[in-house]
There are 2 protein chains.
Amino acid sequence: MKQDSRLVRMLHVLIHIGLLGGRETSETIARMLNTNPVVVRRTMSALRRKGIVGSEGGRGGGWVLLRPLTELTVLDVQTALREDKVLSAGLSSDHPACPVERAANAALVEAFARAEETLIGEFGRLKLSIIADAALADAKKLPARAEPPRQEPIR
Amino acid sequence: MKQDSRLVRMLHVLIHIGLLGGRETSETIARMLNTNPVVVRRTMSALRRKGIVGSEGGRGGGWVLLRPLTELTVLDVQTALREDKVLSAGLSSDHPACPVERAANAALVEAFARAEETLIGEFGRLKLSIIADAALADAKKLPARAEPPRQEPIR
DNA sequence: ATATTCCGTAACAAATATTGTTACGCTAAA
DNA sequence: TTTAGCGTAACAATATTTGTTACGGAATAT
């Protein structure tokens with residue numbers, strides 16, 4: 001299956017909005033993500049439901065950040081995108097009554113639960129502002145052309 | 001995408017073979033897994049390449065365990081099935097030069113690497129014999145019939 | 001020898017989840 | 001009234017595991 005990249009993409013977007021401090025349209029964001037506005041609305045709507053961003057229709061509308069980057073963690077974004085666990089073992093239900101199958105399932109569930117704890121811990125302490133700072137530091141190291149290769153306005 | 005259940009399934013099979021101590025045909029194993037022999041051969045061939053099991057064709061052939069359950073870990077089986085990492089963050093490559101995208105990618109890679117460490121640690125210390133013991137203990141607790149679709153009464 | 005019982009593999013269909021795309025409706029501001 | 005936005009439904013494209021069919025080859029029993 002295709003890899004789920006909604007989390008990184010949302011981090012990318014949120015940090016951009018946070019750094020620019022303003023309002024961005026789905027159209028603009030779509031260009032950031034090399035995709036189209038529908039995908040943006042679809043994904044961002046999950047964040048809106050959790051109060052991370054707000055949206056307004058009509059002229060001059062767009063998306064705004066409702067909480068500063070210092071008060072947003074990767075975990076907040078992750079759980080907004082998916083209620084359930086990040087990691088999950090592929091279990092088997094071929095013979096639910098078989099003690100061996102059950103023990104194998106249980107062992108993997110346990111191991112993944114430990115890994116999930118670790119991951120959630122990392123996500124929880126990773127504020128978006130930390131990632132933003134890293135990005136700024138990185139940008140400073142590079143030649144001045146730091147922004148994404150802008151396409152010329154076509155209209 | 002569908003969940004990858006090859007690992008649990010192989011654990012299930014290996015432990016069964018280990019406990020029964022003999023040789024099993026793809027046909028028999030397929031019935032264990034509610035699937036068909038081709039799927040079994042396809043998946044088990046990865047384990048053969050790593051010397052975990054051996055196979056013989058012809059009459060009286062089948063699959064045998066080349067290492068005892070006490071000398072096999074979940075990690076052995078996992079790495080036989082996939083060379084690469086168990087966990088991987090969904091990254092983005094929408095604008096590879098954008099410092100924000102890069103920082104977001106890097107942050108997730110880092111977090112997942114920590115989780116992977118935890119998981120590999122768990123897998124590495126989980127010998128198949130431990131899971132086998134758990135299965136036996138479980139089987140003993142239950143009425144002697146281990147197979148049919150029987151469910152614990154839910155309170 | 002010949003039939004039977006095995007594995008090995010290629011090729012293709014089915015099921016599933018994310019992503020991309022088109023189309024249309026609604027709202028608010030110019 | 002027009003225009004710039006979002007909201008949503010519907011469907012195609014893509015990728016991965018799983019299931020299935022159809023072979024061919026090898027070892028053993030008869």
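So you know, we letter chains A, B, ... as the sequences are listed, proteins then strands, and number each from 1. All figures in this text were calculated on a predicted structure; none of them were measured in a lab.
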How many Å lie between [atom1] on [X] and [atom2] on [N], as a whole number?
| X | N | atom1 | atom2 | value |
| --- | --- | --- | --- | --- |
| N36(B) | dA10(C) | CG | C1' | 14 Å |
| D4(A) | dA15(D) | CG | C1' | 13 Å |
| M10(B) | dT18(D) | CE | C1' | 12 Å |
| L33(A) | dG20(C) | CG | P | 9 Å |
| I29(B) | dG8(C) | CD1 | P | 11 Å |
| E56(A) | dG5(D) | CD | P | 13 Å |
| Q3(A) | dG20(C) | CD | C1' | 18 Å |
| D94(A) | dT17(D) | CG | P | 17 Å |

Check whether any side-chain nitrogen or oxygen of [X] sits under 4.0 Å from OP1 or OP2 of [N], and answer yes or no.
| X | N | result |
| --- | --- | --- |
| R9(B) | dG19(D) | yes |
| S5(B) | dT17(D) | no |
| S26(B) | dC7(C) | yes |
| R41(A) | dC6(D) | yes |

Pair [X] + [Y], salt bridge at N-O below 4.0 Å:
| X | Y | result |
| --- | --- | --- |
| K85(B) | E116(B) | no |
| R41(A) | E27(A) | no |
| R102(B) | D138(A) | yes |

If you check every side-chain atom of [X], which of [options] has the closest atom?
| X | options | answer |
| --- | --- | --- |
| S55(A) | dT21(C), dC6(C), dG7(D) | dG7(D) |
| V38(B) | dA29(D), dA10(C), dC7(C) | dA10(C) |
| T35(A) | dT18(D), dG20(C), dC6(D) | dG20(C) |
| R6(A) | dC6(C), dC6(D), dT19(C) | dT19(C) |
| W63(A) | dC7(C), dC6(D), dA29(D) | dC6(D) |

Could one point to a donor on the side chain of [X] or the base of [N] with an acceptor on the other under 3.5 Å away?
| X | N | value |
| --- | --- | --- |
| R82(A) | dT18(C) | no |
| R48(B) | dG8(C) | no |
| R42(B) | dT20(D) | yes |

Are L19(B) and I29(B) linked, directly or through other ILVMFWY residues, by side chains that come within less than 4.5 angstrom of each other?
yes

Take T118(A) and T118(B) through the test side-chain hydrogen bond (donor to acceptor under 3.5 Å, both in side chains) and record every step on the way to the result.
CA-CA 7 Å; T118(A) 301; T118(B) 300; 2.8 Å; yes

L33(A) backbone acceptor or donor facing R9(A) side chain under 3.5 Å
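Confirmed, R9(A) side chain pairs with L33(A) backbone.
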
Toward the 5' end of DNA chain D, by each residue's nearest nucleotide, R49(A) or G58(A):
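On the 5' side of the pair lies G58(A).
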
Between V39(A) and G60(A), who's closer to the 5' end of DNA chain C by nearest nucleotide?
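Nearer the 5' end of the strand: V39(A).
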
Under 4.0 Å, counting only non-hydrogen atoms across every strand here, what does G62(A) touch: a base, just sugar-phosphate, or nothing?
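It contacts sugar-phosphate atoms only.
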
